[in-house]
2 protein chains.
Amino acid sequence: MAPQATPPNERLNNDKVKQILKKHLDETDYRIYKALNEDGRMSDTELGERVGLSRTAARRRRKNLEEKGLIDVLGVLVLQEADLAYADVFVTLNSDVDTETLEEFLEEIKHEELIYEIGEYMGQYDLLLRVWHASLSDINTFLRSLLQDHDAVGQYETIPVTKTHKAWHKTLSGGTE
Amino acid sequence: MAPQATPPNERLNNDKVKQILKKHLDETDYRIYKALNEDGRMSDTELGERVGLSRTAARRRRKNLEEKGLIDVLGVLVLQEADLAYADVFVTLNSDVDTETLEEFLEEIKHEELIYEIGEYMGQYDLLLRVWHASLSDINTFLRSLLQDHDAVGQYETIPVTKTHKAWHKTLSGGTE
DNA sequence: ATTGAAAAGATCAGAGA
DNA sequence: TCTCTGATCTTTTCAAT
């Protein structure tokens, strides 16, 4: 079958998004991203059909987006489906912590398999950690041994996540319901 | 070349993780996940070589993990690389909000292209939203029009994320540095 | 879980808009 | 620069074991 023109129902009808991204992604790039967001293993051939390009053109764009680091195609663990507990941890750093101690701390926790996200905040808290474990009480124990007496950490608050409705830009289907 | 036995340097040397996941994933499954977490488009052939299985066996396991919803392979936008602003929003719901209004609210924001995550908290806040936009001030304007006078929303606090060190279980390479 | 073989897809060089 | 086509090589996929 010949590659079709852009299917009308898949056109990006969101001018706002187009405006925001125009510095790096044009509309075709964004549609490639959206297709990969749905299915990261979609073949370049199908990708091309979806966005109205030949396989090679679609492929080149995908590769470019990946090489520039604008998109990443990866596998994620769906904690909700794996009956795992997960929580967000808001860390306030010690006010007198020096850069080196902080760097060491970050380096240390980056390699923790049970911490799947680390972000820096500007505001009420300094750091966000996201952790997973078998149960909430395991999360508590884990965090205590990791953060309790660390030079870099002032205090921390843990908030369990009870349900995720949307993640990775994607509405989640199931849940435990 | 014949499929090799498990390369020693790639074995999962983390008993804690093995214990936590044993209900759903065995060690080979977890190694498949870790490989896909590095590169979601890795071929089943390479996957098989990495974990010491034939292409078909590796493929079957991958498919199973995807079908059970335990892992998902998808494309993500790396906001940090796209010069976009992003922030976390902690929402406290109105104390007198009824289930229906809440459901409607969730349904409404699920389809917002600029909201890439929605989670329910148990604790100090009720909801976490993660938003992106061209700039922080755009985020502010966007949130005001979305949340300000909504029946479901009591108050909300926005905290900009200034840097992400780890996301999707993966240490991020670049940054703007 | 594996192998072998047919179909589908990836990849590259060359060429054109 | 971006795209396309055709040729070749790799991977996927499925039936049989």
Side-chain angles (χ1 to χ4, degrees), chain A residues 1-8 10-12 17-18 21-75, chain B residues 1-8 10-12 18 21-77 81-83:
Chain A
M1 194 184 295
Q4 305 149 320
T6 308
E10 291 197 353
R11 255 182 231 125
L12 183 61
V17 171
K18 276 193 253 179
L21 289 167
K22 65 167 184 282
K23 190 173 171 191
H24 294 287
L25 315 202
D26 66 14
E27 178 164 350
T28 304
D29 288 331
Y30 193 71
R31 293 181 58 221
I32 287 174
Y33 157 62
K34 289 301 276 183
L36 290 172
N37 185 246
E38 268 178 44
D39 174 10
R41 291 181 75 85
M42 182 178 292
S43 73
D44 290 328
T45 306
E46 189 179 345
L47 218 46
E49 281 163 10
R50 290 262 299 239
V51 305
L53 285 177
S54 68
R55 46 209 156 126
T56 24
R59 177 165 203 277
R60 244 175 60 98
R61 278 174 177 263
R62 172 178 67 75
K63 285 272 190 189
N64 263 327
L65 291 170
E66 285 178 351
E67 268 155 34
K68 286 180 188 155
L70 293 171
I71 69 171
D72 193 7
V73 179
L74 43 63
Chain B
M1 194 184 294
Q4 306 149 320
T6 308
E10 292 197 353
R11 256 185 231 125
L12 181 62
K18 276 193 253 179
L21 288 167
K22 65 165 185 284
K23 190 174 171 189
H24 295 288
L25 317 202
D26 66 13
E27 178 163 350
T28 305
D29 287 331
Y30 193 72
R31 292 180 58 221
I32 286 174
Y33 157 64
K34 290 301 276 182
L36 290 172
N37 185 245
E38 268 179 44
D39 174 9
R41 291 180 75 84
M42 182 178 292
S43 74
D44 291 329
T45 307
E46 189 179 345
L47 218 45
E49 281 163 10
R50 290 263 298 240
V51 305
L53 286 179
S54 68
R55 48 212 151 97
T56 329
R59 177 166 204 276
R60 257 174 46 106
R61 278 175 177 264
R62 172 178 67 73
K63 285 274 190 186
N64 262 326
L65 291 170
E66 286 179 351
E67 267 154 35
K68 287 181 186 153
L70 293 170
I71 69 170
D72 193 9
V73 179
L74 42 63
V76 293
L77 252 183
E81 292 297 317
D83 303 320

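Per chain, numbering begins at 1; letters A, B, ... match sequence-line order.
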In chain order, what residues pass the side-chain hydrogen bond (donor to acceptor under 3.5 Å, both in side chains) check against K63(B), with sequence neighbours excluded?
none

Of all residues at least two apart in sequence or in a different chain, which pass the side-chain contact (heavy atoms from CB on, under 4.5 Å) check with D26(B)?
T28(B), D29(B), R61(B)

Whole angstrom is fine here: how far is it from CZ in R60(A) over to P in dT3(D)?
7 Å

Listed partners of E46(A) passing salt bridge (Lys or Arg N to Asp or Glu O under 4.0 Å), at least two apart
none

Atom-to-atom span, CZ of R41(A) to P of dG9(C) - whole angstrom:
14 Å

Taken to the nearest whole Å, CG/L47(B) to P/dT2(C) is 13 Å

If I compare all heavy atoms of V73(A) with all of G40(A), which pair ends up nearest, and what's the gap?
CG1-O, 3.4 Å

Whole-Å gap separating C1' (dT3(D)) and CG (N64(A)):
13 Å

Separation of dA1(C) atom C1' from E49(B) atom CD, nearest Å, is 16 Å

Run the salt bridge (Lys or Arg N to Asp or Glu O under 4.0 Å) test against R41(B) and tell me which residues pass, sequence neighbours left out.
D44(A)

Which nucleotide in dT12(D), dT2(C), dA10(C) has an atom nearest any side-chain atom of D44(B)
dT12(D)

Atom pairs, N/O to N/O, protein against nucleotides 5-7 of chain C, distance under 3.5 Å?
residue: dA5(C); atom: N6; partner: R55(B); partner atom: NH1; Å: 3.1

May I have the step-by-step check of salt bridge (charged side-chain N to carboxylate O under 4.0 Å, His left out) for E66(B) and R62(B), ending in yes or no?
CA-CA 6 Å; E66(B) 286 179 351; R62(B) 172 178 67 73; 3.3 Å; yes

Nearest-angstrom distance from the residue atom CZ of R62(A) to C1' of dG9(C):
12 Å

When all nucleic acid strands are considered with a 4.0 Å heavy-atom cut-off, which category describes T45(A): base, sugar-phosphate, or nothing?
sugar-phosphate

What pairs with T45(B) under side-chain contact (heavy atoms from CB on, under 4.5 Å), at least two apart in sequence or on another chain?
S43(B), E49(B), R55(B)

Which is true for S43(A) with a 4.0 Å heavy-atom rule: it touches a base, it touches only sugar-phosphate, or it touches nothing?
sugar-phosphate

What is the distance, rounded to the nearest whole Å, between atom CD of E46(A) and atom C1' of dT11(D)?
16 Å

Whole angstrom value for the distance that separates P of dC4(D) from CZ of R61(A)
9 Å

